[in-house]
*Asks:* 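Supplied in structure tokens, the structure appears directly below.
Note: hydrogens, waters and symmetry copies are ignored here, and every other heavy atom, side chains too, is used. All chains are named by letter (A, B, ...) in the order of the sequence lines, taking the proteins before the strands, and each is independently numbered beginning at 1. All of these numbers come straight from a predicted model, not from anything done at the bench.
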Amino acid sequence: MARSKAPAKKQQKKGIDFKKIKRKLGRKLPPPNNATNTEIKSKAIILHEQSVAAEKDGLATSKKGLTLKELQLRTSHHNAKVLKDTLHGFQDLFKHHPAELQSNKYTIIQCLGKLISHDDELVREAFYELFRTQIFRACKEDNKGLVVLLLMPYIFTSMTNSSIEVRLMAFKFFHLVLEYYPPTFSLYAEKILENYKDVIQKNHFYIQDKNKLEIVLSGLAHCLSLLPCDESNTDSQRKNETLLAYEEDAAKECVRFAHVSGILKEIVGVLINCFQDFIPLIHAPRGFNKQSFNCIHHILHSIGYAIKFSIRRHSQRQATWLPASEENTMMILDPYIASMLSKKLLGSFPLNCKNNLPEKNDELNSVLTEIFLEVSEWSSLPSDLSNRFLEFLENALQGKITRSNKLSKSLLSLLPFVPKLILRVDRDQRDNLMQAFTITFNDCKPDSPLKLACISVLKDLIIPNGDILYHNDPTVNNYQRAWVNKLPSLLNQLGDKNPVSTKVVLQLLLDLARVGCLNASTTFEEEISNFFIPCQEEGDVPGGPFASLPKEVQEVALCFLYYFIIDNFSSRLLKAIVSCCLYQQLEPAVLFRIVEILHSAYKAGCIQITDHFSFFITLIARFKVVPEKLESAIECDERETYCGTFKQLTNLVCSCLSEVGDSSLVLQILERVFVEQIISKPALDNGCAILRMICALDSKPTRLSESSVTTLSEFLPGYLIDIVNCIPEDKENSYLYIQTCLYYLVPCYFLFDRSSKLTEQVLKRMRSMVSENTKALESVQDRESGRDSLNLIQCIVSVILLMHNDVKVRKLISSSKSEIDLILQNVITLQSSQSTSLTVEGKHMMKIAGERLRIAFNSLLA
Amino acid sequence: MEISVIASSSIDEGIGSWDLKTGKEQLRFKQCASPAHGLTAVGEKFLASSQLRKESTSSGSIFYWSWNKPQAEVRSFPVEPIKALVANNEGTYLVGGGNSGDIYLWEVATGKLLKKWHGHYRSVTCLVFSGDDSLLISGSQDGSVRVWSLIRLFDDFQRQQGNTLYEHNFNEHTMSVTDIVIDYGGCNAMIISASEDRTCKVWSLSRGKLLKNIIFPSAINALALDPGGSVFYAGGRDGKIYIGAINATSEYGTQVLGSVSEQSKAVTCLAYCTEGNLLISGSEEGVVCVWDPKSRRPVHTLSSGKGKGKGPPVNNIQIVRKTIVDNSNKTQSSWKRRGSLMPPPLEKYERSGEDTMDGIVTVDPPPFSDVPVYSSFLSADLIDEQVRELQQQGSAATEIEMERLKLEYKRSLQLNDQWQKNYENLLQVVMEEEQIGGSN
């Protein structure tokens with residue numbers, strides 16, 4: 001088929017293939033009458049690949065009407081112009097029909113690959129653009145490794161092409177590949193680095209053409225940044241592996257980069273030479289432009305990465321005794337590299353560009369400083385050189401050099417070196433550095449990344465690898481104290497908006513508190529207390545953020561609290577904790593954890609027993625179980641949860657109390673407090689909890705004193721009536737109702753069981769209440785008060801019936817049958833009362849109550 | 001040798017002991033109020049326990065009981081209250097962890113304080129020896145777990161070099177460490193530590209890093225290792241005994257072995273007895289319960305004879321094998337001389353100056369060279385003493401003995417001659433008779 005002609009005939013929409021050709025060759029015979037119709041009719045006959053134009057109807061085409069197939073065929077065309085058009089055609093096609101690319105990507109990549117080393121620049125550019133804008137973007141979710149695998153052979157051949165331009169394009173394209181799929185580097189590391197080395201080394205004249213050099217260097221810097229430089233990422237991955245299982249060869253990546261170090265050494269050498277070539281440009285008045293800056297920037301970064309990697313390999317090998325390979329010595333200890341480093345690279349510090357922004361200058365200098373700090377840890381450098389760097393670092397910390405966005409980023413990378421540096425340098429320099437660090441620490445904003453970096457460095461400054469250093473150096477201690485004293489206020493400033501920073505601060509505080517080097521001042525304590533006090537609506541003081549932090553941050557805070565209590569317990573702090581515990585929005589789990597932690601601290605002997613008890617009592621007495629009365633079903637659920645929380649809390653407190661020591665002694669200590677709480681008439685739930693605490697500590701027969709028993713006997717009738725009053729009778733689920741009541745009743749039963757006197761007194765009081773109210777009903781005419789009295793009597797009857805329901809309690813109350821009898825008498829008198837305050841309904845109620853009570857009473861007699 | 005369970009309490013209720021098989025209560029050792037991890041059997045010879053003291057007293061105390069007497073026989077008073085106490089398997093050394101974080105190493109036979117060093121920043125809560133007694137693992141209230149090599153502790157050269165004393169420092173726990181166990185992996189062992197931060201962490205001894213973190217619903221008080229090695233038991237403060245799988249994929253360990261009773265109080269201590277595969281738990285409410293870990297059921301409870309009421313809160317359980325030391329045992333001659341079967345009390349202070357250098361066998365090859373390492377130390381003093389004793393028994397005695405032996409030797413030679421003559425005579429007689437018989 002002659003495809004090239006197809007576009008020309010395009011305007012003839014149909015029938016180009018089956019055009020009717022009219023021929024006049026005599027007449028036709030009419031069809032015979034008996035002829036059979038042999039015509040075959042079908043709805044459509046689809047014939048494949050017979051028509052160029054017809055086919056294109058349903059197919060995706062580029063602007064010029066070419067399909068994918070046609071474009072692919074054209075990629076092997078010899079003419080550069082055609083090729084360029086083809087590549088544009090691809091771009092056009094993919095733009096409008098992304099699906100085409102998806103389904104054919106591997107074949108497309110395969111037939112395009114060879115174009116990377118095409119002689120014509122425009123073709124290469126078009127090729128690059130095509131991949132950048134379309135192909136890589138479209139293949140984001142695919143098996144990237146396969147795509148790269150198809151491309152790499154072409155890239156490698158063009159990297160060694162004789163034409164410089166082609167090679168440059170290869171590097172540029174490789175950089176693109178790297179961005180698309182970073183693991184590419186680790187797959188071909190050695191080969192790639194070799195190519196980079198060649199291109200930088202053999203083409204010194206690029207200095208003239210920095211644009212091109214920049215392309216190469218930026219790619220190299222990217223490559224080297226992919227070398228694993230710190231352990232953190234690999235360790236975190238290994239955290240959840242199965243133990244006791246077959247272990248694969250140590251860390252895989254460490255095997256992967258095993259043979260890189262030799263070539264890295266060479267590259268560093270080459271880069272340093274390249275850096276040397278730039279030096280005259282820096283000092284020349286107008287020689288330094290943006291490109292040169294970028295070049296130097298990339299060079300320095302590349303060197304930095306290479307050195308970091310080699311140091312890391314070294315320490316890793318020492319830690320795990322990896323088999324010794326050819327890279328026995330560290331790169332910076334290699335004599336050749338070391339002298340290059342100190343003379344040619346670091347020796348040129350500080351860089352002073354004549355006509356350049358000071359910012360950029362500082363940026364380069366700070367990268368150099370980073371390299372210096374990395375190197376100086378391992379080898380000694382001339383002291384005047386070190387001094388220059390230290391001065392620069394101090395200035396950077398003090399904010400004397402301008403702080404643009406980029407610079408503060410480079411300051412971030414310098415900060416981690418400060419702790420080790422302080423250990424290394426002599427006294428004066430150390431004090432200067434600490435001073436400078438203090439300035440940085442104080443000046444930056446609470447939520448800035450710089451602050452975060454400062455805080456992470458602080459731990460190493462105060463307790464390097466978990467040990468306290470400089471025990472008795474007053475200046476150092478002063479600085480340390482100043483830093484530490486800033487932390488609590490920082491916590492409150494951070495609030496609940498920056499949980500990450502808050503967590504880091506708390507972690508630091510925890511680490512410091514663990515080794516006991518907080519030396520907290522009073523303001524410190526105050527701030528910590530404020531941190532725990534939650535926002536109270538009525539108070540005008542804004543509350544601390546603790547209660548609204550995420551759970552894991554709260555956990556760290558509580559661990560810190562444990563150690564803080566051990567060292568600096570104060571009643572102020574305890575108050576803060578109590579107010580936090582009583583905060584409505586606090587998660588129940590956190591509440592329980594606080595109780596647990598305080599109990600641990602008590603066990604460790606750091607909280608006085610009185611404080612500990614008062615904490616428990618306050619918690620139990622003040623904990624608000626809301627809503628007290630429930631209306632709708634939703635609230636009902638809520639009440640359940642609150643009740644559930646409070647029930648669990650009561651259990652927890654009871655078990656803590658019983659762990660304190662001999663329970664009779666504990667009861668003796670607490671008895672007075674319990675009685676005080678009871679006199680103040682707590683809410684139903686709190687009252688129940690207090691009674692439960694008494695029961696947990698008491699034994700049979702009761703150890704409570706006479707007066708306490710009397711107080712209890714005054715309290716209990718009201719409490720019992722409350723139970724009946726507050727818990728709505730659930731007719732449909734009487735079992736659940738009885739269970740709920742039982743929770744509140746059980747402590748009373750225990751008390752009755754332990755003291756028959758109490759039983760008697762309680763019943764007596766209830767009886768007198770009934771008789772008083774009966775009298776009142778008969779005398780008072782007011783219906784309102786009458787209803788109340790009636791209600792009360794009914795409640796008392798229900799209480800007695802509930803008590804009667806329980807077999808054991810029935811025995812207990814049978815001893816005071818007479819009281820019950822009197823109550824019954826009162827109820828009966830009411831039934832026949834003529835008082836106007838009594839409605840018919842009321843009388844009916846009394847009748848039912850009387851009937852039930854009579855049955856109960858009779859069974860008591862039996 | 002018999003196996004029995006001993007349990008002590010934090011209040012002054014003595015140490016109860018039971019026969020493991022029958023559950024019968026045995027002798028009750030009196031006057032003991034031990035802190036958690038403060039009870040240990042010294043070898044199979046006797047029982048030692050540190051004592052809780054009133055806060056006002058500055059010094060601590062450690063008591064010894066021999067197997068057959070209820071009263072504490074030897075009382076020593078170290079400079080500060082000792083919390084954790086442990087002896088190595090043979091019972092030659094006793095290690096105590098103080099309230100201040102200092103760790104003390106005594107030689108039992110002489111009572112000498114061989115070494116005292118600052119181990120932690122807060123009080124030491126538990127101490128464990130590794131299976132071969134070469135390493136000591138300590139846990140502290142400050143949340144750190146440290147591994148000490150007993151050899152390197154005495155390496156003054158290394159210390160002067162500024163190296164840290166410990167082999168490993170595991171710092172990931174955020175609250176007080178409550179218990180530590182080490183499995184049987186030798187130098188590749190795994191260490192499991194429990195903490196009040198509601199986690200148990202698994203550490204690798206060889207790699208010196210955290211392998212696993214298991215979170216529990218409650219603070220863990222006690223640990224026991226299953227001999228299978230893949231599972232451990234953790235006694236929670238909520239009264240439940242949890243089963244922690246070392247290999248679990250999830251971070252949470254929630255499998256429960258069981259709880260002693262419905263409303264039970266904290267489990268305070270666990271011990272695993274490989275004879276019979278039994279797990280023994282002690283709890284705050286004073287119940288010592290024996291479990292069958294396979295069926296996850298309690299087998300029986302060990303109760304004190306006083307009555308059916310619950311005993312005092314238990315905080316230590318140990319499984320001990322007793323060997324009663326009697327007079328015939330010649331090796332302990334230096335103890336015997338003092339008229340008692342028990343070793344002398346522990347000394348308060350390290351001997352200073354030359355005396356210490358003199359007293360300790362110096363280990364001069366650094367530990368990483370591959371010279372075979374001394375498996376156990378005996379202080380040179382002890383050896384000296386025994387040599388001296390031998391010498392004192394004296395030359396005269398040996399000479400007499402030699403004379404006697406010589407005489408005996410002579411006599412036996414003569415006897416031998418006699419026998420030979422007799423034999424020859426007899427042989428001749430028999431031969432003659434044979435000849436006569438043959439001729440007949």
*Asks:* Is there a side-chain contact between A/I566 and B/Q141, using heavy atoms and a 4.5 Å cut-off?
*Replies:*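 Counting from C-beta outward, A/I566 and B/Q141 do come under 4.5 Å.
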
*Asks:* Under a 3.5 Å threshold, yes or no: a donor from one side chain and an acceptor from the other, between B/T174 and A/R514?
*Replies:*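 The criterion, which ignores hydrogens and geometry beyond distance, is not satisfied for A/R514 and B/T174.
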
*Asks:* Of B/E196, B/M175, B/H173, which is the lone residue that meets side-chain contact (heavy atoms from CB on, under 4.5 Å) with A/C559?
*Replies:* B/M175

*Asks:* So with a 6.0 Å cut-off around NZ of A/K603, is the heavy-atom count from everything else above 12?
*Replies:* yes

*Asks:* Looking at A/E596 and B/R198, is any side-chain nitrogen of the basic one under 4.0 Å from a carboxylate oxygen of the acidic one?
*Replies:* yes

*Asks:* Just wondering, more than 12 heavy atoms not from A/F750 lying within 6.0 Å of its CZ?
*Replies:*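 No, because the 6.0 Å sphere around CZ of A/F750 holds 12 heavy atoms or fewer from other groups.
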
*Asks:* Walk me through whether A/R593 and B/D197 qualify under side chain to side chain contact (heavy atoms under 4.5 Å, CB included).
*Replies:* CA-CA 10 Å; A/R593 184 81 178 125; B/D197 65 10; 4.2 Å; yes

*Asks:* Going from OH on A/Y563 to OG on B/S176, what distance comes out if it is rounded to the nearest 0.5 angstrom?
*Replies:* 5.5 Å

*Asks:* Assess whether side chain to side chain contact (heavy atoms under 4.5 Å, CB included) is satisfied between B/R122 and A/D567, documenting all intermediate values.
*Replies:* CA-CA 11 Å; B/R122 290 178 188 272; A/D567 288 336; 2.5 Å; yes

*Asks:* Check each atom of B/S144 against the heavy atoms of chain A and say whether the ones under 4.5 Å are side chain, backbone, both or neither.
*Replies:* both

*Asks:* Does the side chain of B/R237 come within less than 4.5 Å of A/S600's, by heavy atoms?
*Replies:* yes

